[in-house]
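Please see the structure below; I have some questions.
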Protein chains: 2
Amino acid sequence: MAGSSPEREPVAARASARRGIPPATVARLPGYLRALHALAAEGVVTTSSDELADRAGVGSAQLRKDLSWLGSYGRRGVGYDVEHLSSQVEVALGLTTQRRVVIVGIGNLGHALANYSGFADRGFGVVGLVDADPAVVGTTVAGLVVRPLDELRAIVAATDASIGLIATPAAAAQEVCDALVEAGVVGILTFAPRSLRVPPHVDVRAVDVASELQILAFHDHRRATGA
Amino acid sequence: MAGSSPEREPVAARASARRGIPPATVARLPGYLRALHALAAEGVVTTSSDELADRAGVGSAQLRKDLSWLGSYGRRGVGYDVEHLSSQVEVALGLTTQRRVVIVGIGNLGHALANYSGFADRGFGVVGLVDADPAVVGTTVAGLVVRPLDELRAIVAATDASIGLIATPAAAAQEVCDALVEAGVVGILTFAPRSLRVPPHVDVRAVDVASELQILAFHDHRRATGA
DNA sequence: TAGATTGTTAATCGATTAACAATC
DNA sequence: TAGATTGTTAATCGATTAACAATC
């Protein structure tokens, strides 16, 4: 409109500025980080896109394309420094500061999640346990006392938790979700088998174990019958 | 080659014949089924793509496109019969015969999974529990006696299990996976945080809870910083 | 230099979405 | 018939992949 064509940035930079790292890439970054940590634990100092992709279970072209969204952290002809790349992936994912997690629903699954050591290893701290059942409230699980649902807001405020984990029955999930949102969490991971409604600023990810099995059943079925 | 153009089928039919239902669609079908069952439980007899999509948390265009891969089970101007569509989705997923599941790794998580009633409700039967720890072997969990790892093959054979569920530590997962494949399962759902290597005829799905949290952390981080 | 490996391009492929003709 | 809603089309969008120039 000003009569001259604007300065052109590289395509990738423009896309990055517009939309950031693509969701499909973000979803694979934790897998790369896992593979990098495994390599570091084995004492490997330098790796290649071939080796790392193989460890992560993806193609090397995809790995390089994914990493290119973060920047240029490899050396042509050499590969990637394991420690340095780990750090950069952690920076990209925002794992440089620990995030605090509240678990709601301390049944079998909530119990297992509260005791899962993999959270602390990977940047998360479980800071609160909440349940609606008076018989469960007051018990100690994984070193934390289980608190009643009506204290959720105070717990989130006191601990500055940003992530809520829902391990309740499906029937209670939306109500708990609303309470978590109201309390101020911005990310929710739910294991309850139903879809949740949240405002746009809140991010929900859902793990439904029976759905996963049904997807496996489809492939089993295809193999057994037609194709 | 024969000198005349071949008969043309509709595009969708050709694609369907070639590759079947797209993976992204298959992954959403369990969610539709859940929503349909919820509607049925409320006594709703007929639904629309708008209502069903809303329940499942997707757009109505996407829902109709997805269902079109299964066939034409709606009535223009009317909607879908809840019971009939449920059945058709179940047929498409191969849920008309119950599939049997073996769980390996009876720690906190394996325990929770063994006791999860959602499996039976949705077409799966837990028929075997296996653990490597002699202290766990012999105990009864969810009505089943935990058996040692070296009996895995016999259990799969005796129960005709087709799906294996891995709830072991990461370090044991590949070994357990190999044993499951060797025993004859064709679908594996793993909760261990590492990638698994399987032959092409075996299907693996992975749930990594800490990875899910890391993906949530990314969005939290983006919100807090730049975009 | 010669060999190796990245980062990027461009082509392909698959998924999503809006719009609407078909039809109940 | 008029209104409603599907099933399908076609356009757009995003993801994957192979190939290779850049460069260590």
Side-chain angles (χ1 to χ4, degrees), chain A residues 8-29 31-32 36 44-82 84-85 88-89 92 215, chain B residues 8-29 31-32 36 44-82 84-85 88-89 92 215:
Chain A
R8 307 274 302 178
E9 303 163 81
V11 166
R14 289 210 316 282
S16 177
R18 250 200 330 271
R19 281 188 314 272
I21 305 176
T25 295
V26 172
R28 282 186 294 264
L29 291 179
Y32 301 156
L36 285 165
V44 176
V45 172
T46 302
T47 188
S48 66
S49 62
D50 262 339
E51 181 179 48
L52 186 55
D54 191 61
R55 297 274 194 143
V58 302
S60 67
Q62 179 158 84
L63 176 92
R64 288 198 303 277
K65 184 83 173 108
D66 283 339
L67 293 184
S68 76
W69 290 97
L70 315 189
S72 295
Y73 300 120
R75 288 220 301 163
R76 290 165 131 104
V78 178
Y80 301 90
D81 180 86
V82 171
H84 184 241
L85 186 56
Q88 294 304 326
V89 175
I215 296 166
Chain B
R8 307 274 303 179
E9 303 161 83
V11 166
R14 288 209 316 281
S16 177
R18 249 198 335 270
R19 283 188 313 273
I21 307 175
T25 295
V26 172
R28 281 186 294 265
L29 291 180
Y32 301 156
L36 285 164
V44 176
V45 173
T46 302
T47 188
S48 66
S49 62
D50 261 339
E51 181 179 47
L52 186 54
D54 191 61
R55 296 275 194 141
V58 303
S60 68
Q62 178 157 85
L63 176 93
R64 289 198 303 276
K65 185 85 173 104
D66 283 339
L67 293 183
S68 77
W69 289 97
L70 315 189
S72 293
Y73 299 121
R75 289 220 300 164
R76 290 165 130 103
V78 178
Y80 301 90
D81 180 85
V82 171
H84 185 241
L85 186 55
Q88 293 304 327
V89 174
I215 296 165

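Proteins get letters first, then strands, A, B, ... in listed order; numbering begins at 1 in each.
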Please report the shortest heavy-atom distance between A:Gly31 and A:Ala56, naming the atom on each side.
O-CB, 4.3 Å
Length of the line joining B:His84:NE2 and D:dT6:C1', which is rounded to integer Å
15 Å
When every nucleotide of nucleotides 19-24 of chain C is labelled 5' to 3' by its protein contacts under 4.0 Å (heavy atoms), B for base, S for sugar-phosphate only, - for none, what sequence of letters results?
B-BBBB
Taking atom P of D:dA4 as reference, at what distance in whole Å does atom CG of B:Asp50 sit?
12 Å
Enumerate the residue pairs fulfilling salt bridge (Lys or Arg N to Asp or Glu O under 4.0 Å) with a member in residues 66-79 of chain A, sequence neighbours excluded, ordered by first and then second residue.
A:Arg28-A:Asp66
Has A:Tyr80 got a side-chain N or O lying under 4.0 Å from the OP1 or OP2 atom of C:dG7?
yes
In whole angstrom, give the distance that lies between atom CG of B:Leu63 and atom P of C:dA18.
14 Å
Minimum-distance nucleotide (side-chain atoms of A:Lys65 versus C:dA10, D:dT8, C:dT6):
C:dA10
At under 4.0 Å between heavy atoms, what does A:Gly74 touch on the DNA or RNA strands: base, sugar-phosphate, or nothing?
sugar-phosphate
Any side-chain heavy-atom pair from A:Tyr80 and A:Arg64 closer than 4.5 angstrom?
yes
Specify the residue among B:Pro23 and A:Ser48 whose closest nucleotide of DNA chain C lies further upstream toward the 5′ end.
A:Ser48
Is the shortest side-chain N/O distance from A:Ser49 to OP1 or OP2 of C:dT6 below 4.0 Å?
yes
Whole-Å distance, A:Trp69 CH2 to C:dT6 C1', equals 17 Å
Heavy-atom side-chain proximity of A:Thr47 to A:Asp81 below 4.5 angstrom:
no
So what is the 5' to 3' dot-bracket string for DNA chain D, if pairs are Watson-Crick or G-U wobble with both distances under 3.5 Å, crossing pairs use [ ] and | means the partner sits on another strand?
..||||||||||||||||||||||
Side chains of B:Val82 and B:Val45: closer than 4.5 Å at any heavy-atom pair?
no
Rounded to the nearest angstrom, tell me the gap between atom CG in A:Leu52 and atom P in C:dT6.
9 Å
Measuring from the side chain of B:Ser72 (C-beta onward, heavy atoms only), which nucleotide among D:dT6, C:dT8, D:dG7 has the closest atom?
D:dG7
Separation of D:dA4 atom P from B:Glu51 atom CD, nearest Å, is 16 Å
Could you work out which one of D:dT8, C:dA15, C:dT16 sits closest to the side chain of B:Ser68?
D:dT8
Which pairs with one or both residues in residues 44-58 of chain B pass salt bridge (Lys or Arg N to Asp or Glu O under 4.0 Å), sequence neighbours excluded?
A:Arg197-B:Asp54, B:Glu42-B:Arg55
Closest non-hydrogen atom pair between A:Thr46 and A:Val78, with its separation
CG2-O, 4.0 Å
Let me know the distance between CZ of B:Arg28 and P of C:dG14, rounded to the nearest Å.
15 Å
Residues that B:Ser48 engages under side-chain hydrogen bond (donor to acceptor under 3.5 Å, both in side chains), provided they are two or more places apart
none
B:Leu67 CG - D:dT6 P separation (whole Å):
9 Å
If every non-hydrogen atom of B:Ala27 is compared with every non-hydrogen atom of A:Ile215, which pair is closest and at what distance?
CA-CD1, 3.8 Å
Closest non-hydrogen atom pair, A:Leu52 against A:Tyr32
CD1-O, 4.2 Å
